[in-house]
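Heads up, the thing below is written out as structure tokens.
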2 protein chains.
Amino acid sequence: MGTEKLNTEIRQDQIVQMALSLVASHGLKELSMARIARKVGLVPSAIYRHFKSKDEVLDAVLDYIQRRLLDNVAIVCNETSESIDRLRRLLTYHIKLIRENQGIFRVVFSDELYSGHPERKNKVYEIITKYLGKVSEIIGQGQREGKICIDTDPITISLMFLSIIQQAAILWHVSNEKFDITKHTERVWKIFNESLITK
Amino acid sequence: MGTEKLNTEIRQDQIVQMALSLVASHGLKELSMARIARKVGLVPSAIYRHFKSKDEVLDAVLDYIQRRLLDNVAIVCNETSESIDRLRRLLTYHIKLIRENQGIFRVVFSDELYSGHPERKNKVYEIITKYLGKVSEIIGQGQREGKICIDTDPITISLMFLSIIQQAAILWHVSNEKFDITKHTERVWKIFNESLITK
DNA sequence: TTCCTATGTGAATTGATATTCACTATACAT
DNA sequence: ATGTATAGTGAATATCAATTCACATAGGAA
């Protein structure tokens, strides 16, 4: 009825946001076009004015996630040029991203998203490797500067680095937010610091 | 028609196995009672002779996963009494379990499994913490024996330990098995060895 | 103001899936 | 051998989700 008419770009943004928010609160399984529509304030069929299919919506959500992750890298690189500092800050931003937007990780690590969709599975792989690539650039920089020990390759270190946060995030999520992710991160950083950073 | 009649215990086992195998090959989303039935060699309604609902099937799958994980701990504890050795072997068994039974991890870390099921989410949490508990016992033993440095608590170390394998498993899975999980594990073990094990 | 197009609506379609039930057949105990 | 409890069948039901389409309308361009 008296529903405001907004152009596709705005609606697409809203749809992605609402989709992500629904995933955060109820998981991917419960994500339906009808629910998204209701949350946006539209009727289900209206979504199809802005996306050809549910698959397209999911792809857009993935694009958004990728952007958020890579933005974090850009932000820390702007804030400081010191490699260890960059890593430390990235850790903080990553945790913050997880806490504020649980949906992101329910999506990225739910195989429901890409089972039966080779292209999408590939996209997820791409997101992870791109992010890892950026992190390992920072680590490589640190190694060249003599701040990080060079007997392990940057990719392995960056994967270790992210693994630990990621898994903590899963535990945090599964424990209904009881697991203290911040404290865990601090302890891990300490070990990380002592074992990889040249003194 | 000429379908053999087997007793409930056998059928329940078959159903759990086939369910897990389907999850491994097609993901949780594609897991339907009909598919399970076909794979077992039954008609869909027959499943209900052995499980009250699909939820019960999923619970049984979770029980099986828990058993497999804890079995691994028992096995390594039987094989050797040396803490570092136990950890090293557990790592190997864990990777083997992942490789041979990809379904296990598609299940444990798919929130689709427990979204909207607080009890099941709790069960997943329980599985993880129980396993972590066992691992940290081994680590605690190593610390008491002076083999593992004591400035970090066992739980943090065990979580780090498992995080790294787990995440590697995800990457392995998302990359369509291209990522070399064994090599990665070796490198990680090396770092682990150098930073946590007292020389 | 008047069109025209992009956007929104509601009903209908299609397809999948969990679950139930009345019925049948098998294996095992007697 | 026979009967009974247990396991298997196939059809039916109910629900739910994605998608389509004919129709309605808002809002900017003319």
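Computation of the quantities below employed the complete heavy-atom set of this structure, encompassing side-chain atoms and omitting hydrogens, waters and symmetry-equivalent molecules.
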Closest of D:dT19, C:dT20, C:dA18 to the B:S32 side chain is C:dA18
Specify whether A:Y131 and A:H94 have parallel, tilted or perpendicular ring planes, treating 30° as the upper limit for parallel and 60° as the lower limit for perpendicular.
parallel
Rounded to whole Å, how long is the line connecting atom CD of A:E9 with atom C1' of C:dA6?
11 Å
Checking C:dT20, D:dT9, C:dG8 against the side chain of B:Y48 (C-beta onward), the nearest is C:dT20
Counting only side-chain heavy atoms from C-beta out, which of D:dT20, C:dT19, D:dA7 sits nearest to B:S53?
C:dT19
Out of D:dG8, C:dT9, C:dA25, minimum distance to the side chain of B:K5 belongs to C:dA25
Among C:dA18, C:dG10, C:dT7, which nucleotide sits nearest the side chain of A:H50?
C:dT7
Answer yes or no: does a side-chain N or O of A:R11 lie under 4.0 Å from OP1 or OP2 of C:dG8?
yes
Whole angstrom value for the distance that separates C1' of C:dT26 from CG of B:N7
13 Å
So which one's nearest nucleotide on DNA chain D is more toward 5', B:S45 or B:T8?
B:T8
Within this structure, what is the NZ-to-C1' distance between B:K52 and C:dT20, rounded to whole angstrom?
15 Å
Looking at A:E112 and A:K29, is any side-chain nitrogen of the basic one under 4.0 Å from a carboxylate oxygen of the acidic one?
no
If you only use heavy atoms from C-beta on, which nucleotide in C:dA18, C:dG8, D:dT9 is closest to the side chain of B:M33?
C:dA18
Taking the side chain from B:R187 and the backbone from A:T156, do they hold a donor-acceptor pair closer than 3.5 Å?
no
Measure CD1/A:I47 against P/D:dA18 and give the value in whole Å, please.
10 Å
Could you tell me whether A:K147 and A:E82 have a side-chain N and a carboxylate O separated by less than 4.0 Å?
yes
On DNA chain D, nearest-nucleotide positions of A:R49 versus A:P44: which is more 5'?
A:P44
Which whole-number value in Å describes the distance from B:K29 NZ to C:dA16 P?
13 Å
Hey, does the side chain of B:T3 come within less than 4.0 Å of C:dT26's phosphate (OP1/OP2), counting only N and O?
no
Can a salt bridge be assigned to the pair B:R120 and B:D59 using a cut-off of 4.0 Å between side-chain N and carboxylate O?
yes
Counting the atoms with a prime plus P, OP1 and OP2 as sugar-phosphate, which does B:L31 contact under 4.0 Å by heavy atoms, base, sugar-phosphate, or nothing?
sugar-phosphate
Quick one: B:D55 CG to C:dA18 P, roughly how many Å, whole number?
11 Å
Rounded to the Å, how far apart are A:K54 NZ and C:dA16 C1'?
13 Å
Rounded to whole angstroms, how far apart are CG on A:L6 and P on D:dA26?
14 Å
